[in-house]
Structure formats: C-alpha cells, structure tokens
Amino acid sequence: MMKKLLVAGLVSWAGLTGMAHAMTLEEAALNSLRTPANVERDQYRHPVETLSFFGVKDNLTVVEFWPGGGWYTEILAPLLNENGQYVAANFETNPAPEANSPAYRIRLGKALEGWLETHADKVGNAKTVTFDPPHKTSLGESGSADVVLTFRNMHNWAMAGQAEMVLSAAFDVLKPGGVFGVVEHRAKPGMSLKSGYMEENEVIRLAKAAGFVLADKSEVNANPRDTKDYADGVWTLPPSLRKGDTDKARYLAIGESDRMTLKFVKPAER
C-alpha cells in the first residue's frame, strides 16, 4: 500500500511540476512512428551508436540538414519533442520556377512537412526551416543550437560549390561548444565527387576552414566490404540498388556504403 501511495505521489508531483519523461536513444529507436523499412536499415546506419557518439540527448536543440525521406526524423523528432527541440532544415517546397529545383527535393520536402503534420500529437514541437543554398542559408538564430547533423549530404554541397556556405551556416547557428556531426560516404583518394563518395581529409579541411575543431572520429558506420569501384557510383549499393536486379545479390551482400563519422566542435568563446 505504501509503495502504491508513493508511486501515485510521484506521478501527481510530475503532473504538477510539468516534469516530462526523459527519453533515451534506445527508446527513440524503438518508437512506434518508425517504419519497418527504416528499422531494417539500422544494421547499416547504427542510429543509437551514431547519435550517442555525437552527444545527442533528449533535452538539446538539434538541427538536421536536409532530412530527405525522414529516416532520422522518425528518431529525432520523438526524442526531442518533450524536453528539447528538433529543427528540420528542409528542402525548398515552393521554389521559384527559375530556380530549376529538382523535383525529388520538392516531393521529399512536402512529404516531410506532411509527416510532421500527420503526427503532430507525438512530434508537434518539431520545427522546419527552409535551407536552399545559395538562396536561403540560415538555420535559425545565431548560437541557438546544441547540435547540427548531416547525413550523406556533403558530397552534394561540394559538387555544387556550396560546402563553404553550408558549413558557415552550421557554425553560426551552433552555441559555443556545440557539435557538428557528419556522416558521409567515404571515398578512396582521387575518387570523383560524382561517385557520391567524398574524401575524409577534404571534409575535415572544409570544416576546419569554417572554424570547427575535429573532436573525434568513429568507425561505427564503416563497411570494409564496400569496394567503391562501381560504374554507377554509391547508388549501386542498397538502399538505391540502381542496377535493379542485375547482380543484386552481390550488392546486398556488400550492404550500404562505407561511411566516415566525424564529430566537430565549435570552439568555446574566450
């Protein structure tokens, strides 16, 4: 009886004080909004280990560059809904005709907005900001974010000559001491960006030029089976499987790409 009273008292106190449940990364990875197809990719993307490496917790403000299909949104938006803030730096969904924006970006951007609206009861605290370099390059108020994340986008910005402005935007929105986390397809020396892979040293150089300090590296998303010699580039591998059924078993056996996982920090003010 005393135990029941104590529990009831704690629940009542939590309600009075507005105390919110602290969600763990493990709980976020198992939340009911995740689609089975995305969960299946955990074996390649290691979300719990990756987000833990970047220091992501449920009470932080986290900005994610170009969520695309929302793979990490399904984890981050519920994780940050009660105690933190998830900000999706989304594609431009209403571009000017002269912008010639790729149709897939408009489609994915609208789908992400729709997903957040549909699940507003569970992720209603999430926000979006349009990030469309070189036209729209602000991620929010300067010094307002604890963590900025990008997953497999760096090669796109580098090919477009936009990497410097993107990294500048990340640096600006972060608080001093904030983390910039990068996961990117890792190239062999001399590979073309058109392959979808990017050299690790080049990512580090660009980040340092923007003012970041390399704090740590992780091999959690490494894949030594990835030979990186495909005529159709990284999109030959799953999940894209650009060659269709041709040699499909071979590429499924390789799995998703070999990826660098880099943790940068914005230096604290002196």
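Not measured: the values here are computed from a predicted model. Below, each value reflects all heavy atoms present in this structure, side chains not excepted, and no hydrogens, waters or symmetry copies.
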Q. Do Asn90 and Thr128 pass the side chain to side chain donor-acceptor pair (under 3.5 Å) test, and can you show the C-alpha distance, the side-chain angles, and the key distance before you say yes or no?
A. CA-CA 6 Å; Asn90 198 20; Thr128 61; 5.7 Å; no
(Q) Please check this pair: side chain of Asn223 against backbone of Arg259, looking for a donor-acceptor N/O pair closer than 3.5 Å. (A) no
Q) Stepwise, does the side-chain contact (heavy atoms from CB on, under 4.5 Å) test hold for Phe264 with Val182? A) CA-CA 8 Å; Phe264 297 96; Val182 178; 4.0 Å; yes
Q.
Strictly by ring pair (Phe, Tyr, Trp, His ring centres under 6.0 Å), give each pair with a member in residues 36-60 just once, sequence neighbours left out.
A. none
Q: Would you please test Arg186 and Lys228 for side-chain contact (heavy atoms from CB on, under 4.5 Å) and show each step?
A: CA-CA 9 Å; Arg186 180 164 42 197; Lys228 312 177 186 182; 4.1 Å; yes
Q) In terms of side-chain geometry, is the basic nitrogen of Arg152 or Glu184 positioned less than 4.0 Å from the acidic oxygen of its partner? A) no
Q) Within the side chain of Glu202, is there an N or O that forms a donor-acceptor pair under 3.5 Å with the backbone of Glu199? A) no
Q | Residues in side-chain hydrogen bond (donor to acceptor under 3.5 Å, both in side chains) contact with Ser32, at least two apart in sequence or another chain | A | Lys122
Q) Backbone N or O of Ser192 within a donor-acceptor pair of the Ser195 side chain at under 3.5 Å? A) yes
Q: Rounded to the nearest 0.5 Å, what's the gap from OG on Ser168 to CG on Leu206? Could you check?
A: 12.5 Å
Q: Heavy atoms only: give me the nearest Pro176-Ala268 pair and the separation to one decimal.
A: CB-CA, 3.8 Å
**Q.** Crowding at CD, Glu117 (>12 non-hydrogen neighbours, <6.0 Å)
**A.** no
Identify all side-chain donor-acceptor contacts of residues 65-79 below 3.5 Å with residues at least two apart in sequence or on another chain.
{"unit_1": "Trp66", "atom_1": "NE1", "unit_2": "Phe131", "atom_2": "O", "d": "2.9"}
{"unit_1": "Trp71", "atom_1": "NE1", "unit_2": "Asn38", "atom_2": "O", "d": "3.1"}
{"unit_1": "Thr73", "atom_1": "OG1", "unit_2": "Tyr86", "atom_2": "OH", "d": "2.8"}
{"unit_1": "Glu74", "atom_1": "OE1", "unit_2": "Thr35", "atom_2": "N", "d": "3.0"}
{"unit_1": "Glu74", "atom_1": "OE1", "unit_2": "Asn38", "atom_2": "ND2", "d": "3.2"}
{"unit_1": "Glu74", "atom_1": "OE2", "unit_2": "Thr35", "atom_2": "OG1", "d": "3.4"}
{"unit_1": "Glu74", "atom_1": "OE2", "unit_2": "Asn38", "atom_2": "ND2", "d": "3.2"}

Q) Can you name the closest pair of heavy atoms from Gly244 and Lys248 and give their distance? A) O-CB, 3.6 Å
Q. Any side-chain heavy atom of Thr24 within less than 4.5 Å of one from Asp58?
A. no
**Q.** Under 3.5 Å: donor-acceptor pair, side chain of Lys266, backbone of Phe171
**A.** yes
Q: Mind jotting down which residue pairs meet the salt bridge (charged side-chain N to carboxylate O under 4.0 Å, His left out) criterion with at least one end in residues 160-176? Sequence neighbours excluded, please.
A: Asp146-Lys175
Q) Under 6.0 Å from the NZ atom of Lys263, do we count more than 12 heavy atoms belonging to anything else shown? A) yes
Q: Look up atom OG in Ser138 and atom CG in Asp132, then write down how far apart they are to the nearest 0.5 Å.
A: 13.0 Å
Q.
Do Thr93 and Thr130 make a side-chain contact, defined as non-hydrogen atoms from C-beta onward lying under 4.5 Å apart?
A. no
Q. Under 6.0 Å from the CD atom of Gln43, do we count more than 12 heavy atoms belonging to anything else shown?
A. yes
Q.
To check you understand the geometry: which heavy-atom pair defines the closest contact between Ala29 and Val48, and what is its length?
A. CB-CG2, 3.7 Å
Q | Working for side-chain contact (heavy atoms from CB on, under 4.5 Å), residues Tyr230 and Tyr197 | A | CA-CA 11 Å; Tyr230 324 109; Tyr197 295 88; 3.4 Å; yes
Q: Kindly work out whether a path of hydrophobic side-chain contacts (I/L/V/M/F/W/Y, heavy atoms less than 4.5 Å apart) joins Val203 to Met191.
A: no
(Q) Walk me through whether Val63 and Leu174 qualify under side-chain contact (heavy atoms from CB on, under 4.5 Å). (A) CA-CA 9 Å; Val63 179; Leu174 280 169; over 6 Å; no
Q. Shortest non-hydrogen contact from Thr261 to Asn221?
A. OG1-ND2, 2.9 Å
Q | Basic-acidic side-chain contact under 4.0 Å: Asp232, Arg242 | A | no
Q) Do you reckon Leu51 sits in the same ILVMFWY cluster as Leu262, going by side-chain contacts under 4.5 Å, direct or chained? A) no
**Q.** Cluster check Leu252, Leu237: I/L/V/M/F/W/Y, side chain < 4.5 angstrom
**A.** yes
(Q) Using modelled atom types and a 3.5 Å cut-off, is there a donor and acceptor pairing between side-chain atoms of Gln162 and backbone atoms of Pro133? (A) yes
Q. From Leu241 CG over to Trp235 CH2, what is the distance, rounded to the nearest 0.5 angstrom?
A. 14.0 Å
(Q) To the nearest 0.5 Å, what is the distance between CD on Glu92 and OG on Ser101? (A) 6.5 Å
Q. CE of Met260 to OG of Ser257: how many Å apart, nearest 0.5 Å?
A. 9.5 Å
Distance-only donor-acceptor pairs under 3.5 Å for side chains of residues 107-116, two or more places apart:
{"unit_1": "Trp115", "atom_1": "NE1", "unit_2": "His119", "atom_2": "NE2", "d": "3.4"}

Q) If you group Ile, Leu, Val, Met, Phe, Trp and Tyr by side-chain heavy-atom gaps below 4.5 Å, do Met159 and Trp157 land in one group? A) yes
Q: Give, for atom NZ of Lys136 and atom CZ of Phe91, the distance between the pair rounded to the nearest 0.5 Å.
A: 14.0 Å
Q: Enumerate the residue pairs fulfilling salt bridge (charged side-chain N to carboxylate O under 4.0 Å, His left out) with a member in residues 28-45, sequence neighbours excluded, ordered by first and then second residue.
A: Arg34-Asp42, Arg41-Glu256
Q: Report whether Val129 and Val173 are members of the same hydrophobic cluster (ILVMFWY, side-chain heavy atoms less than 4.5 Å apart, transitive linking).
A: yes
Q) So which heavy atom on Val265 is nearest to which on Ala215, and how close? A) CG2-CB, 3.6 Å
Q: State, yes or no, whether a side-chain contact exists between Thr150 and Val183 at a heavy-atom distance under 4.5 Å.
A: no
Q) Does the distance from a Lys or Arg side-chain N to an Asp or Glu carboxylate O, for Glu200 and Lys217, drop under 4.0 Å? A) yes
Q: Side-chain contact test, heavy atoms from C-beta onward, threshold under 4.5 Å: evaluate it for Leu193 versus Met198 and give yes or no.
A: yes
Q) side-chain contact (heavy atoms from CB on, under 4.5 Å) with Leu60: which of Val179, Asn83, Val147? A) Val147
Q. Which heavy atom of Ala28 sits nearest a heavy atom of Asn31, and at what distance?
A. O-ND2, 2.5 Å
Q. Side chain of Gln85, backbone of Asn125: donor and acceptor closer than 3.5 Å?
A. yes
